[in-house]
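Everything below concerns the one structure shown next.
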There are 2 protein chains.
Amino acid sequence: MAYRKTPAEISRLEAAREHLIAAATSVVTEVGWSQASVTAVADSAGIAAGSVYQHFSSKAALAVEVFRRAAGREVEVLGEVLHEPGTPVERLARGVEVFARRALENRGLAYALLAAPADPAVGAERLEFRRRYRALFAEVVHEGIEEGLLPAQNGEITAAALTGAVGEVLVDPLGARDEETTGALLTELVAMALRCAGAPRS
Amino acid sequence: MAYRKTPAEISRLEAAREHLIAAATSVVTEVGWSQASVTAVADSAGIAAGSVYQHFSSKAALAVEVFRRAAGREVEVLGEVLHEPGTPVERLARGVEVFARRALENRGLAYALLAAPADPAVGAERLEFRRRYRALFAEVVHEGIEEGLLPAQNGEITAAALTGAVGEVLVDPLGARDEETTGALLTELVAMALRCAGAPRS
DNA sequence: GGAAGCTATGAATGATGGTTCACTTCTTTC
DNA sequence: GAAAGAAGTGAACCATCATTCATAGCTTCC
């Protein structure tokens, strides 16, 4: 036994892997999945193309990891916001606002997560991601119904609609260059979301 | 001048072209853009791969034509439904129902038009397609506002939300194997759409 | 019927881009 | 410091398709 990984070496490898994921994420954010070749990602990380395969068994595996990290972050944030104190209606409004604001602030990533053409493997992850988003929204809608704040409805459909609506608004340059129009867009989006769930008009 | 296209020959060519487009459409409907290779499409049309280039200058040109035909049909149908007699609210309900029903009845095509990974050229067409869909919905929403049937709102956002919502519900197998669940889904979708636009509860 | 021009063919071509692998470089251990 | 083993390299490899092109097969016209 002439060689054993030392803790320092292990953490160096781990760091290299993380660095690679970060680089890949930024490449995807900037140019999308379809343009993110192994070479481009490796260049961005400052390593050779072949070295990518020290950390991932295939390009698809790296892509899935990149997607999971970013998507996981978003789901987590939304989940936290939706579970903060407040009535279901208030939480729904806040959730939509945060979802949309984060997406608008990082459009490239939002587009990559929600809509950009990608490997089938990433496509499958995307379905799962949307499903989780929907489940979070649906839960709050159901609470609203139970508390009598929202009318009876299929919460899953409302939740799907909210996800689809925010996505749709983002993907197409419907707006929001500057601060002002972004704010207006968010206000309108939240209003739309509350109507969609059937919240009483304020 | 020893040769000139005779009318019969011209219409034979035209028919061959149409046949190719139809075959390509069905391939795309069944397996999606990414799997629709020139060879697969040509096989489906019963011609050689090279012959595709007698009718289209590139695969992308054929893809765009396929998209335009299918998308154009859908936009046309929606436009007609939305301009039938009735209040804006009634027309909105009917429009969403028709949009969703058609999509559910031909899921493969709907998916190809709305969401499936595709060439950049098709992606650009898709943006335009969604824009037209939105414009149609937005027009009716604006009429509803003017007639005092809908509350003041950003009609573009509501229209985008409706498009996104229907698309989202379709893409994921949220439901609708049989007749019964399809009907229920449509009812819920329409109800959601009316809430979304702020129509008074029925 | 046959010359001229067009369409159809499908194997060859070429570009792209993921993956491999013989080799180099760095780490560990003694 | 030297042997052993791991990580890093990047040029070569390979698979996948879109596209081309020399050739064969039809149509037209006289």
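Every chain is numbered from 1, with letters handed out A, B, ... down the list of sequences.
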Heavy atoms only: give me the nearest [X]-[Y] pair and the separation to one decimal.
X: A:Arg195; Y: B:Thr158; answer: NH2-OG1, 3.0 Å
X: B:Ala36; Y: B:Val27; answer: CB-CG1, 3.8 Å
X: B:Leu113; Y: B:Arg126; answer: O-CD, 2.7 Å

Query raised in the report: What residue among A:Arg132, A:Arg130, A:Arg131, A:Arg68 forms salt bridge (Lys or Arg N to Asp or Glu O under 4.0 Å) with A:Glu125?
Result: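 Among A:Arg132, A:Arg130, A:Arg131, A:Arg68, the one that satisfies the salt bridge (Lys or Arg N to Asp or Glu O under 4.0 Å) with A:Glu125 is A:Arg68.
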**Report entry** Secondary structure string for DNA chain C (Watson-Crick or G-U under 3.5 angstrom, | for other-strand pairs)
**Finding:** ||||||||||||||||||||||||||||||
Report task. Taking only the side-chain nitrogens and oxygens of B:Arg12, find out if one of them lies under 4.0 Å from OP1 or OP2 of D:dT28. Result ->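 So the side-chain polar atoms of B:Arg12 never come under 4.0 Å of the phosphate oxygens OP1 or OP2 of D:dT28.
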Report task. Would you indicate whether the side-chain heavy atoms of A:Trp33 and A:Val66 approach each other to under 4.5 Å? Result ->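 A side-chain contact exists here, since the closest heavy-atom pair is under 4.5 Å.
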N-O pairing of [X] and [Y] below 4.0 Å:
X: B:Arg94; Y: B:Glu97; result: yes
X: A:Arg73; Y: A:Glu76; result: no
X: A:Arg69; Y: A:Glu18; result: yes

Query raised in the report: Going by heavy atoms closer than 4.0 Å, what residues in residues 47-62 of chain B are next to DNA chain C?
Result: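 Residues of residues 47-62 of chain B under 4.0 Å from DNA chain C: B:Ile47, B:Ala48, B:Gly50, B:Ser51, B:Gln54.
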Query - Interatomic distance where NE2 belongs to A:His19 and C1' belongs to D:dA7 [whole Å] - result: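 It is 16 Å, rounded to the nearest whole Å.
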Query raised in the report: Of all of residues 36-44 of chain B, which get a heavy atom below 4.0 angstrom from DNA chain D, listed by number?
Result: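 Within this stretch, B:Ser37, B:Val38 sit under 4.0 Å of the strand.
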